[in-house]
Amino acid sequence: MKYLIASDIHGSKYYAEKVVERFEAEKADKLFILGDLYNHGPRNPLPREYDPMGVAKIFNSVTDRLVVLKGNCDSDVDTYISDFEFVAEAWLESGNKMILLQHGDRYCIDKLPKGKTDALIYGHYHTGFIKEKDGITVGNCGSVSLPKDGTANSYMIVEDGAITLKDISGTELCYKKI
């Protein structure tokens, strides 16, 4: 299976459309959004084409292939406009490797989960990377709409036990076999 993982859209209809365009272009089987879907948060500027209802309409159209994790800027009221549930975390298997997906407010490269996992992928910090720490592959898919620290508007592909970080146009930025 091929998975597209994105995070931190923060209400940008423009970038929500880009995520679904990349999902279709990549021919991915499942789309994971790692939180902060609708609200921009008090420390972030308004993103391009801020339109939470428009974002809901876009993602409601792909609910059969969508998993959305709850981020720190997501609230219970967000479920009222969503045809999908928000979950705390998700697991996926790729190439016989177990990968934990979380928003990044509980786990990150500086606070790895306890127990067996081959990889951790999260968002929250808006900085895309793939590294290894303590024998675990750790990736941050960055932010689709509000990247920080000079990183690209980015997402990840997980396929055949490997993680690829790409910019929003689909250009590969980093690749690592788990």
Side-chain angles (χ1 to χ4, degrees), residues 1-41 44 47-95 97-107 117 119-126 128 139-147 152-170:
M1 297 226 10
K2 185 175 186 179
Y3 307 98
L4 189 143
I5 302 168
S7 189
D8 296 278
I9 296 167
H10 289 288
S12 171
K13 183 180 176 198
Y14 176 85
Y15 284 106
E17 289 170 342
K18 292 288 183 194
V19 167
V20 173
E21 286 173 14
R22 294 306 317 149
F23 178 63
E24 299 298 342
E26 294 276 3
K27 295 181 172 53
D29 299 294
K30 190 72 107 175
L31 172 59
F32 289 87
I33 305 295
L34 303 186
D36 291 356
L37 186 58
Y38 300 130
N39 300 306
H40 66 88
N44 296 315
R48 184 174 180 177
E49 293 183 28
Y50 183 68
D51 179 3
M53 289 298 290
V55 171
K57 185 176 180 183
I58 290 164
F59 288 111
N60 284 341
S61 73
V62 294
T63 57
D64 59 324
R65 300 175 288 158
L66 177 69
V67 176
V68 177
L69 281 63
K70 189 172 186 175
N72 61 301
C73 290
D74 298 317
S75 64
D76 290 341
V77 74
D78 294 339
T79 63
Y80 301 150
I81 63 170
S82 306
D83 292 342
F84 47 85
E85 295 295 323
F86 287 74
V87 298
E89 61 187 36
W91 288 89
L92 59 93
E93 183 178 353
S94 180
K97 302 293 183 179
M98 292 304 299
I99 304 164
L100 174 61
L101 306 178
Q102 206 270 322
H103 176 61
D105 53 339
R106 286 186 35 224
Y107 301 120
T117 185
L120 167 67
I121 297 175
Y122 61 99
H124 185 59
Y125 294 95
H126 299 217
N140 186 306
C141 58
S143 172
V144 175
S145 67
L146 296 169
N153 303 69
S154 59
Y155 66 94
M156 286 182 162
I157 294 292
V158 173
E159 184 176 32
D160 297 328
I163 302 171
T164 307
L165 178 68
K166 295 185 172 188
D167 71 16
I168 199 64
S169 69

Ser154 side-chain N/O to Cys141 backbone N/O, donor-acceptor pair under 3.5 Å = yes
inquiry  = For Leu34 versus Gly123, what's the shortest heavy-atom pair and its separation?
reply    = CD1-N, 4.1 Å
ask   = Can a salt bridge be assigned to the pair Glu24 and Arg65 using a cut-off of 4.0 Å between side-chain N and carboxylate O?
value = yes
ask   = Roughly how far, to the nearest 0.5 Å, is CD1 of Ile58 from OH of Tyr14?
value = 12.0 Å
request  = For residues Thr63 and Phe84, report the shortest heavy-atom separation together with the two atoms involved.
outcome  = CG2-CD2, 3.7 Å
query = Got a sec, which residues hit side chain to side chain donor-acceptor pair (under 3.5 Å) with Glu21, two or more places apart in sequence or on another chain?
reply = none
ask   = Say you draw a straight line from CD of Glu17 to NZ of Lys57; how long is it, rounded to the nearest 0.5 Å?
value = 10.0 Å
request  = Return each pair, listed once, that meets salt bridge (Lys or Arg N to Asp or Glu O under 4.0 Å) where at least one residue sits in residues 74-86; pairs must be two or more places apart or across chains.
outcome  = Lys70-Asp76
ask   = Is it true that a side-chain atom of Lys2 and a backbone atom of Lys27 form a donor plus acceptor pair closer than 3.5 Å?
value = no
request  = Give the minimum heavy-atom separation between Tyr50 and Tyr38, together with the two atoms involved.
outcome  = CE1-O, 3.5 Å
query = Rounded to the nearest 0.5 Å, how far does NE2 of His40 lie from SG of Cys73?
reply = 9.0 Å
request  = Check side chain to side chain donor-acceptor pair (under 3.5 Å) between Asn153 and all other residues, then give those that pass, not counting sequence neighbours.
outcome  = Tyr15
inquiry  = As an exercise, state the distance from CE of Met1 to CD of Glu159, rounded to the nearest 0.5 Å.
reply    = 10.0 Å
request  = Applying side-chain contact (heavy atoms from CB on, under 4.5 Å), name anything that partners Asn44, two or more places apart in sequence or on another chain.
outcome  = His10, His126, Leu146, Lys148
ask   = Are any of the side-chain heavy atoms of Phe32 and Leu92 separated by less than 4.5 Å?
value = yes
query = Who pairs with Glu89 by side-chain contact (heavy atoms from CB on, under 4.5 Å), at least two apart in sequence or on another chain?
reply = Trp91, Leu100, Gln102, Arg106, Tyr107
ask   = Hey, which of Leu69, Ile33, Val158 is the one that makes side chain to side chain contact (heavy atoms under 4.5 Å, CB included) with Ile5?
value = Val158
query = For His103, what residues pass the side-chain contact (heavy atoms from CB on, under 4.5 Å) criterion, not counting sequence neighbours?
reply = Ser7, Asp8, Asp36, Asn72, Asp105, His124
remark   = Closest heavy-atom pair, Val62 versus Leu31, reported as atoms and distance to 0.1 Å, is CG2-CD2, 4.4 Å
ask   = Could you go step by step and tell me if Leu4 and Val19 meet the side-chain contact (heavy atoms from CB on, under 4.5 Å) rule?
value = CA-CA 9 Å; Leu4 189 143; Val19 167; 4.3 Å; yes
Option from Val20, Val68, Ile81 for which side chain to side chain contact (heavy atoms under 4.5 Å, CB included) with Phe59 holds = Val20
ask   = Taking all non-hydrogen atoms of both residues, which atom of Ala90 and which atom of Val67 are closest, and how far apart?
value = CB-CG1, 4.5 Å
query = Would you say Met53 has more than 12 foreign heavy atoms packed within less than 6.0 Å of its CE?
reply = no
inquiry  = Check the orientation of Tyr125 and Tyr122. Use parallel for under 30°, tilted for 30 to 60°, and perpendicular for over 60°.
reply    = perpendicular
query = How far apart are the closest heavy atoms of Ile9 and Pro47, and which atoms are they?
reply = O-CG, 4.3 Å
